[in-house]
Structures are given as C-alpha cells and as structure tokens.
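Starting from 1, each residue takes its place in the sequence as its number. The structure presented is a predicted model; accordingly, all values stated were derived computationally and were not measured.
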Amino acid sequence: GPLSPPRSRAGLLCLYGRPHARLAAAENRAEGLRRGAGAPRGRKRTDLKHPCRWLIYGLGMAVLAFGITLNTKAGLGVSPIISVAYSISQIFSLNFGDMTFLLYALFVLVQLVLRDKRERIATLLQIVVSLIFSWLLNLFDALIPYRSADHSLPANLALLAAAIFLTGLGIAMTVNMRLVPNPGDGIVQAVAERIGRGQGFTKNIFDVGCVCTTIVVGFCFARPLVGIGAGTIAAMVGVGRSVALVNHLFQEKMLAAAGIVALGVMASGTVVGTALDEADEAEAGAVHNGVLYQSVNSHIRPPGPPPAPPA
C-alpha cells in the first residue's frame with residue numbers, strides 16, 4: 001500500500017537508504033515554515049485570517065447581490081434559486097430581500113436536519129450571511145431605478161446578460177474563498193451528500209424543483225409564470241458558464257491574493273485537494289508519491305509521472 005509521508009530526515013534515510021536531495025530540501029523548507037509560523041508540530045495551519053480572503057469574499061457577496069438585482073430588473077425571468085422568493089414578493093407586494101432571507105433561513109433549517117451535528121455551528125453562520133445578503137439586495141434595489149417596461153427588448157437583454165455574468169462572478173469569488181457558503185449552495189451540497197449524487201446533478205434537480213414551486217405558487221394565486229421566463233433558462237445555463245469563464249481567467253490570481261495557493265502553481269500542476277487545512281498528516285513542502293505538499297492550501301500534482309526514488 002502507499003507509504004505515509006516521511007516525518008523527518010531519519011525517516012527519509014530509513015525509506016530510501018540515503019537522503020534524496022529534493023526530499024531533504026523540501027523537508028527543510030517545511031521545518032523552516034513551521035518554525036517561522038511558531039506552530040507546534042502536527043498542528044494545522046490556516047489562512048482564515050488573511051485579510052484579502054475576507055475582502056474578496058465580501059466583494060463577491062456584493063457582486064452576487066448586484067447581479068441578482070439586475071436579473072430581477074430585466075423583467076425577462078429570474079434565476080431558479082430566487083424565483084420562489086421573487087414570485088411571492090411580487091404576488092403579495094412584499095420586500096424581495098426579506099423574502100430571500102426567509103427562503104435562505106429555510107434552506108439553513110433543512111441543512112441542520114441533513115448535516116452532522118458537528119457541522120451545526122458552521123451551518124448556522126449561513127444565517128449571518130443571509131442577513132447581510134438580503135440587506136445588500138434591498139440596498140441595490142433602492143439604488144437602481146431601472147424599469148424594464150420603459151426600455152426596449154435589446155436593452156433588457158443586455159441587462160440580463162450583464163446580470164448573468166455578474167452573478168457568476170460573485171459566485172466564483174465567494175466559493176473560491178472557501179469560507180461560509182451561500183445557503184443556496186449549502187443546501188445543494190447537503191442534499192448531494194445525503195443522497196450520494198454529484199453536486200451538478202443535484203443542482204439541476206434543485207433548480208427544476210424551484211421553478212416548479214414558483215409555477216405552482218403562481219397558479220394558486222391566479223398569477224402564472226411570475227418571475228419565470230426566457231431569463232430563467234438563460235440563467236440556468238449562463239451562470240455556470242460565467243463561473244467557468246471567471247475561474248479560467250482569474251481563479252489562480254484570486255487564490256494567490258487570498259493566500260490559498262502560491263501564484264503559478266496551478267499553471268504547472270493540477271489542484272487535487274486541500275492540504276494544510278485538511279491533511280494534517282502531510283508535511284508542508286514534502287514530496288510524497290508524486291504530490292508536492294506546498295505551504296499553501298492545495299495539493300499540487302506536478303506534471304508528468306511521479307519521480308521514482310533513488311535505488
């Protein structure tokens with residue numbers, strides 16, 4: 001079976017018979033990092049206090065709220081995840097931000113049932129995110145006086161395209177920071193874990209469920225298709241593509257600015273998982289089984305086959 005990453009220079013000698021230059025240098029760097037950080041041996045390091053990480057997360061939340069607000073202003077149909085809250089707010093003349101908060105609170109309650117008890121505190125933090133997010137929705141709604149009825153179809157389509165891109169940008173910024181998830185993303189992840197299916201499949205099913213619920217609510221109150229339209233379908237397809245585009249162009253720079261990965265490592269390898277936050281058994285900077293454990297929060301697999309140990 002695979003060997004555990006060597007913990008010391010003596011371990012390197014026992015494993016290979018003589019010290020391997022790359023392994024020895026990597027362990028020396030890891031020891032220097034550990035001493036410089038002042039962390040005891042075996043204790044996990046974390047970058048949660050990195051100011052840029054929280055700054056990008058906060059900006060991403062604002063961009064996401066701005067994009068969703070523009071989506072509602074275009075008048076062509078809103079994204080599935082907020083269609084229920086939007087339709088209820090329109091039918092009963094209620095505040096859209098408040099309805100979104102109530103919907104997100106319901107998502108959090110469902111997660112508390114689905115998730116392990118040890119995750120309850122982290123899940124409850126999504127309530128705080130929901131409060132801030134609903135406040136941002138109300139703020140942008142008040143600051144943007146756009147009325148779709150007063151503009152042409154091309155103008156509304158352009159606004160919808162901008163809204164979809166900004167929504168994807170906001171999602172990429174918040175998700176890449178790996179902090180508190182948006183309740184809409186959190187419930188999809190919780191359901192996917194419970195039923196044992198992929199998040200992509202679960203997300204599609206969840207979106208369809210939201211659209212169906214919105215249609216039922218509309219028909220029950222003689223207001224069919226409130227918030228549902230071509231923009232809903234465009235959002236279902238376009239938001240995911242926008243996230244992929246943003247990650248392709250800017251993900252490495254965002255992660256580097258937040259202190260999650262070192263700049264350039266994603267260009268030379270493939271991120272295959274978190275290291276410092278989730279793999280305490282792996283030394284920072286150690287090379288083992290072809291995986292370089294950097295002093296960052298990711299395992300980086302070097303390109304090509306893993307190096308063979310010396311004879």
What is the minimum heavy-atom distance between [X] and [Y], and which atoms define it?
X	Y	result
A74	S148	O-CB, 3.3 Å
L103	A85	CD2-CB, 4.1 Å
H50	A258	CG-O, 3.3 Å
G238	I164	C-CG2, 3.4 Å
I187	G184	CG2-O, 3.4 Å

- Message: Exactly one of M173, R178, M177 should register a side-chain contact (heavy atoms from CB on, under 4.5 Å) with Y57. Which one does?
- Response: M177
- Which of N176, V243, N247, V246 passes side-chain contact (heavy atoms from CB on, under 4.5 Å) with I171? Answer is V243
- Query: Can the ring centroids of F206 and F107 be said to lie less than 6.0 angstrom from one another?
  - Reply: yes
Answer yes if [X] and [Y] sit in the same cluster of Ile, Leu, Val, Met, Phe, Trp and Tyr residues linked by side chain heavy atoms under 4.5 Å apart, and no otherwise.
X	Y	result
L157	F165	yes
L179	V175	yes
L55	V129	yes
I233	L225	no
Y86	V217	no

Heavy-atom side-chain contact between [X] and [Y] under 4.5 Å:
X	Y	answer
F250	L245	no
N182	Y104	yes
F221	F92	yes
V128	V180	no
N204	V208	no
S242	L169	no
L112	L124	yes
V226	T214	no

Flag, side chain of [X] to backbone of [Y], donor-acceptor distance under 3.5 Å:
X	Y	result
R194	L114	yes
T174	M61	no
N71	A163	no
K73	R147	no
D207	P80	no

Once you round to the nearest 0.5 Å, how far does [atom1] of [X] lie from [atom2] of [Y]?
X	Y	atom1	atom2	result
F66	L137	CZ	CG	12.0 Å
M236	S83	CE	OG	9.5 Å
S130	L106	OG	CG	11.0 Å
C210	I81	SG	CD1	4.5 Å
L166	L70	CG	CG	6.0 Å
I88	L102	CD1	CG	9.0 Å

- Message: Tell me which one of Q189, Q126, E119 satisfies side-chain hydrogen bond (donor to acceptor under 3.5 Å, both in side chains) with Q111.
- Response: Q126
- Query: Given L64 and I68, is the side-chain contact (heavy atoms from CB on, under 4.5 Å) satisfied, shown in steps?
  - Reply: CA-CA 6 Å; L64 178 59; I68 289 178; 4.1 Å; yes
- Task: Look at the rings of Y146 and H151 and say which category their plane angle falls in: under 30° parallel, 30 to 60° tilted, over 60° perpendicular.
- Result: parallel
- For F96 and N138, run side-chain contact (heavy atoms from CB on, under 4.5 Å): C-alpha distance rounded to whole Å, both residues' side-chain angles, the deciding distance at 0.1 Å, then the answer. CA-CA 7 Å; F96 171 58; N138 289 332; 5.5 Å; no
- Report, as yes or no, whether the 6.0 Å neighbourhood of atom CG on L153 holds more than 12 heavy atoms from other residues, nucleotides or ligands. yes
